[in-house]
*Asks:* 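The following block contains the structure, expressed as structure tokens.
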Number of protein chains: 2
Amino acid sequence: MARAKTAKPYHHGELREALVSAGRKLMEERGLRGFTLRECARRAAVSHAAPAHHFASIDDLLAEIATRGYHELTAAMSAEARRSGNDAAARLVGQGVGYMAFAAANPVLFQLMFSREANRFETPELAEAAKSAYHLHREAVEAVIPQASGEVKERMVDFAWASVHGFITLVLEGQLGEKDSSRALKARGLAALSAMVEAVVRAGGEP
Amino acid sequence: MARAKTAKPYHHGELREALVSAGRKLMEERGLRGFTLRECARRAAVSHAAPAHHFASIDDLLAEIATRGYHELTAAMSAEARRSGNDAAARLVGQGVGYMAFAAANPVLFQLMFSREANRFETPELAEAAKSAYHLHREAVEAVIPQASGEVKERMVDFAWASVHGFITLVLEGQLGEKDSSRALKARGLAALSAMVEAVVRAGGEP
DNA sequence: CCTCAAATCTTGTCAATGACAAGATAAATT
DNA sequence: AATTTATCTTGTCATTGACAAGATTTGAGG
């Protein structure tokens, strides 16, 4: 039977994209515990079983969303570093700003990306995406202390990442003065980044 | 009807404790997503509805578990600081070691305590317990830079906590060389702590 | 153009879960 | 001893993720 011209077609057409998009909005609205496959389906206006044809399980959808998150994180870090000129230290601070800005704009997605559960549904694509963000960071740190030994470099890569990640994580969890205006919070973030860079430079100084 | 002498009594007697204990083991075994109220009840050998008489909801049980986690975290930090003698810098490192050791020993509980979801079921007791851990840390940092201005102190409290928290968080998520032996990982953790303390001392130096 | 296989989406079902209701049993209080 | 309160039980409900089977659409080969 011919369908009315305004009726929705039997085939969605871009259901995979619609599910990813709906899923991202849903998780930011209701948190990870409020994320359900059926609500994603509802928001994409398809039946509860439709997602199965695009994602084998709820973890598969989460893995896809997390993978895209890493791509965006990498892009945000890269863009902010570019805006920061050629000085290695300034670029490292810039990457940190990009990192924090992405996390602040996508708090639940960020939590998903770095959650323990994420290790359970880790796909090759997810691992690859995460690795590229890591390498970007690693290079930025090493550029600040090119003369340092390999071991010192490695430890400063750890330390720098830990400082940035720890700070924004605590902020997002509301542990660090949630009452602060975003402006004041930004200043505190920059202070943490400055302390981090200074420590890296100092540790990497002539052996 | 009289019950057989070995049959379990109708009243558990210490169900609240049993549920907390079972819940902690369960979450470490299966992660936060594998945590269910009914499995806690099963492990405590009671019916699925029994927990309701001790915890109004699953979030109530999680809040209680998280609260105890903060108490243990505070105790671990305090104990390790005591073991570290009287030098303020050494004590700060010690507290960080205690912090990391607690997190490593209770990774899922630690994740729960600092998860975004935790803010949703925050009870007064939980807030209080978290605050006492925070104050312990704050005092340890301020003791290292007693001559610094209030603002510098505050920012170094942020920074120090972020470094410690970020490092152990990344380790637990498997982002930082999961393959490392725990011995090597410990060395890297100490390196991060040293860099942190040095940065604090430096930032707090005579203005 | 036609046929048929593959992809996509639907309804129907299942066990598991959190929450609630109502009743049974034990303990505590008076 | 009687009665109230606390504790635990069985029973039920809507929601969820996953699976099965059937309907619709697409599109590739003849």
Side-chain angles (χ1 to χ4, degrees), chain A residues 1-23 26-27 29-66 112 115 117-118 120-121 123, chain B residues 1-23 26-27 29-66 112 115 117-118 120-121 123:
Chain A
M1 132 184 171
R3 58 180 168 78
K5 58 180 174 183
T6 58
K8 90 176 180 196
Y10 193 88
H11 282 57
H12 183 288
E14 297 186 8
L15 183 53
R16 179 173 243 269
E17 284 305 312
L19 288 171
V20 169
S21 172
L26 174 59
M27 74 172 53
E29 281 177 27
R30 305 197 192 164
L32 286 184
R33 300 198 77 165
F35 182 90
T36 72
L37 212 44
R38 286 167 105 109
E39 179 63 23
C40 290
R42 245 171 258 132
R43 293 185 177 204
V46 292
S47 79
H48 61 84
H53 295 272
H54 299 276
F55 300 99
S57 69
I58 191 172
D59 282 358
D60 254 42
L61 174 53
L62 288 172
E64 172 68 21
I65 291 176
L112 170 70
S115 75
E117 271 75 20
R120 206 171 303 180
F121 51 72
T123 63
Chain B
M1 134 186 171
R3 57 181 169 77
K5 58 180 172 184
T6 58
K8 86 173 183 200
Y10 192 89
H11 281 55
H12 184 288
E14 297 186 8
L15 183 51
R16 179 173 243 269
E17 284 305 311
L19 289 171
V20 168
S21 171
L26 174 59
M27 75 172 53
E29 280 175 28
R30 305 198 191 163
L32 284 185
R33 299 199 77 167
F35 182 91
T36 72
L37 213 44
R38 285 166 105 109
E39 179 62 22
C40 290
R42 246 171 260 136
R43 294 185 176 205
V46 292
S47 79
H48 60 87
H53 294 273
H54 299 275
F55 300 101
S57 69
I58 190 172
D59 283 358
D60 253 42
L61 174 52
L62 289 172
E64 172 68 23
I65 292 176
L112 170 69
S115 73
E117 271 75 20
R120 205 171 306 178
F121 52 72
T123 63

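Order of the sequence lines sets the chain letters (A, B, ...), proteins ahead of strands, with each chain counted from 1. Only this structure's heavy atoms are used, side chains among them; waters, hydrogens and symmetry mates stay out.
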*Asks:* Does the side chain of B:Cys40 reach to within under 4.5 Å of the side chain of B:Leu61, using non-hydrogen atoms?
*Replies:*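 They are in contact (side-chain heavy atoms under 4.5 Å apart), so the answer is yes.
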
*Asks:* Tell me the interatomic distance from B:Glu17, atom CD, to D:dT7, atom C1', rounded to whole angstroms.
*Replies:* 16 Å

*Asks:* Please state how far atom CG in A:Leu15 lies from atom C1' in D:dT25, giving the value in whole angstrom units.
*Replies:* 15 Å

*Asks:* Nearest to the side chain of B:Ile58, which nucleotide is it out of C:dA19, C:dT10, D:dT9?
*Replies:*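 Looking only at heavy atoms from C-beta outward on B:Ile58, the closest nucleotide is C:dA19.
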
*Asks:* Verify the contact: side-chain N or O of B:Arg42 to OP1 or OP2 of C:dA16, cut-off strictly under 4.0 Å; return yes or no.
*Replies:*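 Checking C:dA16 against B:Arg42, no side-chain N or O comes under 4.0 Å of OP1 or OP2.
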
*Asks:* Step by step, would you call B:Val20 with B:Phe55 a side chain to side chain contact (heavy atoms under 4.5 Å, CB included)?
*Replies:* CA-CA 10 Å; B:Val20 168; B:Phe55 300 101; 3.9 Å; yes

*Asks:* Looking only at side-chain atoms of B:Thr36, point me to the closest of C:dA21, C:dT17, D:dC8.
*Replies:* C:dT17

*Asks:* Give the nucleotide from the list C:dT17, D:dT10, C:dG18 with an atom nearest to the side chain of B:His48.
*Replies:* D:dT10

*Asks:* Atom CZ of B:Phe121 to atom P of C:dA19: distance rounded to whole Å?
*Replies:*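 In whole Å, C:dA19 P and B:Phe121 CZ are 12 Å from each other.
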
*Asks:* What's A:Gly34 touching, base or sugar-phosphate or nothing? Going by heavy atoms closer than 4.0 Å.
*Replies:* nothing

*Asks:* Nearest whole Å is fine: how far is D:dT5 C1' from B:His53 NE2?
*Replies:*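 So the NE2-C1' distance, B:His53 to D:dT5, works out to 12 Å.
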
*Asks:* If you assign A:His54 and A:Arg38 each to the DNA chain C nucleotide with the nearest heavy atom, which residue ends up on the more 5' nucleotide?
*Replies:* A:His54

*Asks:* Mark yes when over 12 heavy atoms from residues, nucleotides or ligands other than B:Glu14 sit less than 6.0 Å from its CD; otherwise mark no.
*Replies:* no

*Asks:* For B:Arg33 and B:Ala49, find the nucleotide of DNA chain D closest to each by heavy atoms; which residue's nucleotide sits nearer the 5' end?
*Replies:* B:Ala49

*Asks:* Are A:Phe35 and A:Leu62 side-chain neighbours, meaning at least one heavy-atom pair lies under 4.5 Å?
*Replies:*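 Touching, per the 4.5 Å side-chain cut-off.
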
*Asks:* Calculate the interatomic distance between A:Arg43 atom CZ and D:dT16 atom P; express it in whole Å.
*Replies:*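 Taking atom P of D:dT16 as the reference, CZ of A:Arg43 is at 12 Å.
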
*Asks:* For the pair made of CZ in B:Phe55 and C1' in D:dT7, what is the distance, rounded to whole Å?
*Replies:*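 Those two atoms, CZ and C1', are 14 Å apart.
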
*Asks:* Out of D:dT9, D:dC19, D:dT7, which has the shortest distance to the side chain of B:Ser47?
*Replies:* D:dT9

*Asks:* Take atom CG of B:Leu37 and atom C1' of D:dT16, then tell me their distance rounded to the nearest Å.
*Replies:*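 Distance check: B:Leu37 CG to D:dT16 C1' gives 16 Å.
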
*Asks:* State, yes or no, whether a side-chain contact exists between A:Arg33 and B:Ile58 at a heavy-atom distance under 4.5 Å.
*Replies:*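 A side-chain contact under 4.5 Å exists here.
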
